[in-house]
Amino acid sequence: MHVLITGGAGFLGVPLANQLAALGHHVRVLDDLSAGDRDRLDRRVALTRGDTRDIPKLWTLLRGVDCVYHLAARVSVPESILYPVEYNAVNVGGTVALMTAVRDAQVKRVVLASSGAVYGEQAVQPVSEDAVPHPQTPYAVSKLAAEQYVLALGALWGIETVILRIFNAYGPGQPIPPAHAPVIPQFLKQALGGGSLVVYGNGEQTRDFVYVLDVVEALQAAGTAAGVDRAVINIGSGTEVSINELVRKVGEAVGCTPHVLYSSAESGGVSRLVADVRKAREKLGFRPRISLDEGLRRTLAEDPQFGR
């Protein structure tokens with residue numbers, strides 16, 4: 001199979017590209033390298049630096065491609081509140097441009113990496129794909145808009161489309177930017193450095209943390225599974241974990257008792273969010289294998305930025 005992965009030098013893209021290449025697939029990657037790491041890519045993966053809004057470049061890369069994994073996106077919720085125009089341009093505009101090029105190149109299937117953030121606050125948990133989305137941040141709005149464009153254009157143009165709503169992915173290779181860092185790598189870094197773990201709100205808010213290689217298995221399956229055209233599928237662990245419980249687990253993994261500093265709640269946060277993954281099991285054969293405890297241990301052992 002010939003595949004193109006947008007954002008393929010990023011946190012999810014690298015392990016997906018490397019795994020597909022190891023299985024003998026022909027893998028091309030398009031990444032602007034604003035957050036990606038080309039050095040982590042397998043030598044068999046062909047990397048092109050560029051933007052998903054560059055349609056002429058996409059035409060070249062899409063020749064002979066069977067499936068596109070669209071992972072390229074801006075992904076920080078707090079940052080999106082500061083820069084909604086940029087998030088709309090990249091996450092929505094980039095998706096529309098990609099779908100246009102996919103139509104012209106007659107690619108058979110597109111798999112979009114969306115987000116559990118589109119659900120917003122939901123009274124019923126675990127949240128299923130039937131829940132009405134209530135996006136509460138520009139990031140969540142942009143991902144939901146991207147979903148709708150992919151589904152609508154795919155139906156109009158005869159392109160198979162699969163939407164994966166990925167919950168809180170974590171694991172080796174996840175960047176820790178100076179601002180707005182994801183919670184797990186930030187907590188690990190703070191705990192290893194002997195600093196305080198900053199918890200926004202009272203820490204009783206819950207999330208669904210899913211290990212990166214479990215997500216990669218779901219992405220891979222979505223590229224070839226039968227009977228998934230226009231499907232919207234949750235990808236998570238199916239386990240609800242509070243931020244206070246995460247603090248405890250991080251301490252156990254690092255071997256310390258972290259000091260916690262509580263701060264005011266972040267804008268756009270939700271009180272509970274955990275995925276109902278029954279549809280993923282039925283459609284993709286997806287079964288998350290890595291527990292949070294094991295995932296934290298693997299992240300510490302395998303990610304060079306933690307120096308373990």
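The first residue in the sequence is number 1, and the count goes up from there.
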Working note: Ser242 + Glu204, criterion side chain to side chain donor-acceptor pair (under 3.5 Å); need CA distance, chi angles, decisive distance, verdict.
CA-CA 5 Å; Ser242 74; Glu204 289 305 302; 4.7 Å; no
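- Criterion: ILVMFWY side-chain heavy atoms under 4.5 Å apart, direct or through other members. Under it, Ile233 and Leu16 are part of a common hydrophobic cluster.
- Counting non-hydrogen atoms of neighbouring residues, nucleotides and ligands closer than 6.0 angstrom, the CZ atom of Arg278 reaches no more than 12 such neighbours.
- Residue pairs that meet the side chain to side chain donor-acceptor pair (under 3.5 Å) test with at least one member in residues 17-29, sequence neighbours left out, are Gln19-Gln220.
- More than 12 heavy atoms of other shown residues, nucleotides or ligands fall within 6.0 angstrom of atom NZ in Lys249.
- Linking ILVMFWY side-chain heavy atoms closer than 4.5 Å, directly or via other members, places Val3 and Phe11 in a single hydrophobic cluster.
- Rounded to the nearest 0.5 Å, atoms CG (Leu292) and CG (Leu246) are 6.0 Å apart.
- Distance alone, capped at 3.5 Å, places no donor-acceptor pair between the Asp31 side chain and the Leu47 backbone.
- With hydrogens and angles disregarded, no donor-acceptor distance shorter than 3.5 Å links the side chain of Ser237 to the backbone of Val210.
- Proximity of a side-chain donor or acceptor of Glu252 to a complementary backbone N or O of Thr257 within less than 3.5 Å is not detected.
- At least one donor-acceptor pair under 3.5 Å links the side chain of Asp303 to the backbone N or O of Gly173.
- Using a 4.0 Å cut-off between charged side-chain N and carboxylate O, Lys279 and Glu282 make no salt bridge.
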Start with the C-alpha gap between Glu129 and Arg165, add the side-chain angles, then the distance that decides, and say whether salt bridge (charged side-chain N to carboxylate O under 4.0 Å, His left out) holds.
CA-CA 9 Å; Glu129 294 86 353; Arg165 288 177 175 167; over 6 Å; no
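- Remark: Asn88 engages no residue in a side chain to side chain donor-acceptor pair (under 3.5 Å) (not counting sequence neighbours).
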Please assess Ser196 against Val260 for the test side-chain contact (heavy atoms from CB on, under 4.5 Å), listing each intermediate value before the final yes or no.
CA-CA 5 Å; Ser196 297; Val260 180; over 6 Å; no
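- By the side-chain contact (heavy atoms from CB on, under 4.5 Å) test, Ala113 pairs with Leu71, Ile166, sequence neighbours left out.
- Not a single donor-acceptor pair under 3.5 Å links the side chain of Glu160 to the backbone N or O of Gly227.
- Atom CG of Leu4 sits about 11.5 Å away from atom CG of Asp66, to the nearest 0.5 Å.
- Residues Val29 and Leu219 share a hydrophobic cluster, clusters being chains of Ile/Leu/Val/Met/Phe/Trp/Tyr side chains in contact below 4.5 Å.
- Note on Val68: it clusters hydrophobically with Val92, by side-chain heavy-atom contacts below 4.5 Å among ILVMFWY residues.
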Given Gln205 and Ser271, is the side chain to side chain donor-acceptor pair (under 3.5 Å) satisfied, shown in steps?
CA-CA 5 Å; Gln205 64 270 34; Ser271 60; over 6 Å; no
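- Tyr69 approaches Gly223 most closely through the heavy-atom pair OH-CA, 3.3 Å.
- Under the 4.5 Å side-chain contact rule for hydrophobic residues, Val162 and Leu112 do not share a cluster.
- Side-chain N/O atoms of Asp293 and Ser291 include no donor and acceptor closer than 3.5 Å.
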Should Glu121 and His134 be marked as a side-chain contact (heavy atoms from CB on, under 4.5 Å) after you check the CA-CA gap, both sets of side-chain angles, and the distance that decides it?
CA-CA 7 Å; Glu121 199 72 60; His134 293 291; 6.0 Å; no
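- In this structure, OG1 in Thr206 is found 3.5 Å from CD in Glu240, a value given to the nearest 0.5 Å.
- Separating the CZ atom in Arg297 from the CD1 atom in Ile290 is a distance of 10.0 Å, to the nearest 0.5 Å.
- Distance check: Glu302 CD to Leu300 CG gives 10.0 Å after rounding to the nearest 0.5 Å.
- Heavy atoms from other residues, nucleotides or ligands lying under 6.0 Å from CD of Gln106 number 12 at most.
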For a side chain to side chain donor-acceptor pair (under 3.5 Å) check, start with the C-alpha distance between Ser142 and Asn91, then their side-chain angles and the critical distance, and finish with the verdict.
CA-CA 6 Å; Ser142 73; Asn91 294 358; 3.0 Å; yes
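- Within 6.0 Å of CZ on Arg289 lie no more than 12 heavy atoms contributed by other residues, nucleotides or ligands.
- For the pair Arg74 and Tyr83, the cation-pi test (distance below 6.0 Å, angle within 45°) is failed.
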Walk me through it: do Tyr211 and Thr299 pass the test side-chain contact (heavy atoms from CB on, under 4.5 Å)?
CA-CA 9 Å; Tyr211 191 65; Thr299 302; 3.9 Å; yes
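- Checked by atom type, the side-chain pair Ser114/Glu147 shows a donor-acceptor distance below 3.5 Å.
- Scanning both residues, Gly201 and Tyr262, for their nearest heavy atoms gives O-CD2, 3.2 Å.
- Closest of all the heavy-atom pairs between Leu41 and Val45 is CD2-CG1, 4.2 Å.
- Summarising the geometry, atom CD belonging to Gln136 is positioned 10.0 Å from atom CD1 belonging to Ile81; distances are rounded to the nearest 0.5 Å.
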Full working for side-chain contact (heavy atoms from CB on, under 4.5 Å) between Asn168 and Ile184
CA-CA 9 Å; Asn168 291 72; Ile184 284 184; over 6 Å; no
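- Arg109 places a side-chain N or O within 3.5 Å of a backbone atom of Ala222 that can act as its donor or acceptor partner.
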